[in-house]
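To start, the structure under review is shown below, and the notes come after it.
The structure presented is a predicted model; accordingly, all values stated were derived computationally and were not measured. What's counted below: heavy atoms across the whole structure, side chains too, no hydrogens, waters or symmetry copies.
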Amino acid sequence: MKDPVVEKLELVINALQYAHDHSLDIKNKDDVRKILEATDPEHKENADEFVVLLINTDAYMAMTAKEKEAKKTDLPN
């Protein structure tokens with residue numbers, strides 16, 4: 001049996017990728033319902049709660065990417 005936290009994280013990552021691939025807005029509840037139809041076949045997730053989770057995860061990933069970009073060193077070619 002998988003760890004529920006790992007399962008949720010995999011679902012969130014898959015959902016964000018699906019949203020990106022299909023140009024869906026994670027802030028739009030109708031789009032999140034479409035995302036969940038594709039990524040959560042057992043319909044375990046609540047769309048309202050999942051919107052918040054996706055927005056927070058996306059914001060965290062963007063913030064982390066900016067931090068890593070700032071730490072990049074310029075290497076000679």
Measure the spacing between [atom1] of [X] and [atom2] of [Y] and express it to the nearest 0.5 Å.
X   : Y   : atom1 : atom2 : answer
K29 : D48 : NZ    : CG    : 4.0 Å
N14 : L9  : CG    : CG    : 9.5 Å
L11 : L16 : CG    : CG    : 9.5 Å
I13 : T57 : CD1   : OG1   : 8.5 Å
L24 : I35 : CG    : CD1   : 5.0 Å

With sequence neighbours left out, write down each residue that passes ring-ring contact (aromatic ring centres under 6.0 Å, His included) with H22, or none if nothing qualifies.
->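 Partners of H22 under the ring-ring contact (aromatic ring centres under 6.0 Å, His included) test: Y18.
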Pairing residues for V6 by the side chain to side chain contact (heavy atoms under 4.5 Å, CB included) criterion, not counting sequence neighbours =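 D3, E10.
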Candidate pair Y60 and N56, rule side-chain contact (heavy atoms from CB on, under 4.5 Å), full reasoning = CA-CA 6 Å; Y60 175 77; N56 289 333; over 6 Å; no
Cluster check V32, V52: I/L/V/M/F/W/Y, side chain < 4.5 angstrom |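 V32 and V52: separate clusters.
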Same apolar cluster: V12 and M61, side chain cutoff 4.5 Å |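 Yes, one cluster joins them.
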Can you pull the salt bridge (Lys or Arg N to Asp or Glu O under 4.0 Å) pairs that have at least one residue in residues 31-41, sequence neighbours excluded?
->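 Sorted pair list: D30-R33, D31-K34.
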In sequence, state the C-alpha distance, the side-chain angles, and the governing distance for F50 and I26, and then conclude on side-chain contact (heavy atoms from CB on, under 4.5 Å).
-> CA-CA 9 Å; F50 207 68; I26 61 171; over 6 Å; no
Heavy-atom closest pair, residues A15 and L54 |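 A15 and L54 have their closest heavy atoms at CB-CD2, 3.9 Å.
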